[in-house]
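Along the sequence shown, residues are numbered consecutively beginning with 1.
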Amino acid sequence: PLGDYPYDIRDPSVRPPLLPPPPRGGYRALTVDVGGCLLTPAEPVTTTYTRLAVVHGFTNVTEASAKAAIRAGFAAPPPLEQRGVRYVGDGKSFWRPLVAAAMGGA
């Protein structure tokens with residue numbers, strides 16, 4: 001289940017879809033964008049993190065601190081038990097600490 005997150009919210013960091021509507025019956029594959037190859041954010045990632053941090057009461061987050069945390073997260077080697085693979089399963093083990101650090105250690 002997807003939970004209670006409001007999946008129909010509008011966020012200025014997300015551009016309107018540029019692709020045509022899905023085919024009848026939906027898609028049968030999922031791809032992941034790599035650094036702006038297919039998808040381009042409407043604003044820099046650090047701007048999005050900073051804006052959302054303020055909305056949620058994290059006033060100590062700056063674009064510079066978010067950028068430093070994101071860079072540190074990508075620069076850190078994956079845990080040994082992951083055998084050199086950054087994303088395992090749903091990738092939460094990588095993204096949760098990175099996002100927490102970018103939000104000022106939230």
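For V45, the side chain to side chain contact (heavy atoms under 4.5 Å, CB included) test picks out Y49, I70, with sequence neighbours left out. In this view, P44 and T46, T47 satisfy the side chain to side chain contact (heavy atoms under 4.5 Å, CB included) rule, not counting sequence neighbours.
In this structure the side chain of L98 reaches within 4.5 angstrom of the side chain of F74, judged on heavy atoms. Residues H56 and M103 form no side-chain contact, since every pair of their non-hydrogen atoms from C-beta on lies 4.5 Å or further apart.
For residues 64-75, the pairs satisfying side-chain hydrogen bond (donor to acceptor under 3.5 Å, both in side chains) are T62-S65, with sequence neighbours left out. Applying the salt bridge (Lys or Arg N to Asp or Glu O under 4.0 Å) definition to pairs two or more places apart or across chains, those involving residues 91-104 are D90-K92.
Closest heavy-atom contact between V61 and A102: CG1-O, 3.4 Å.
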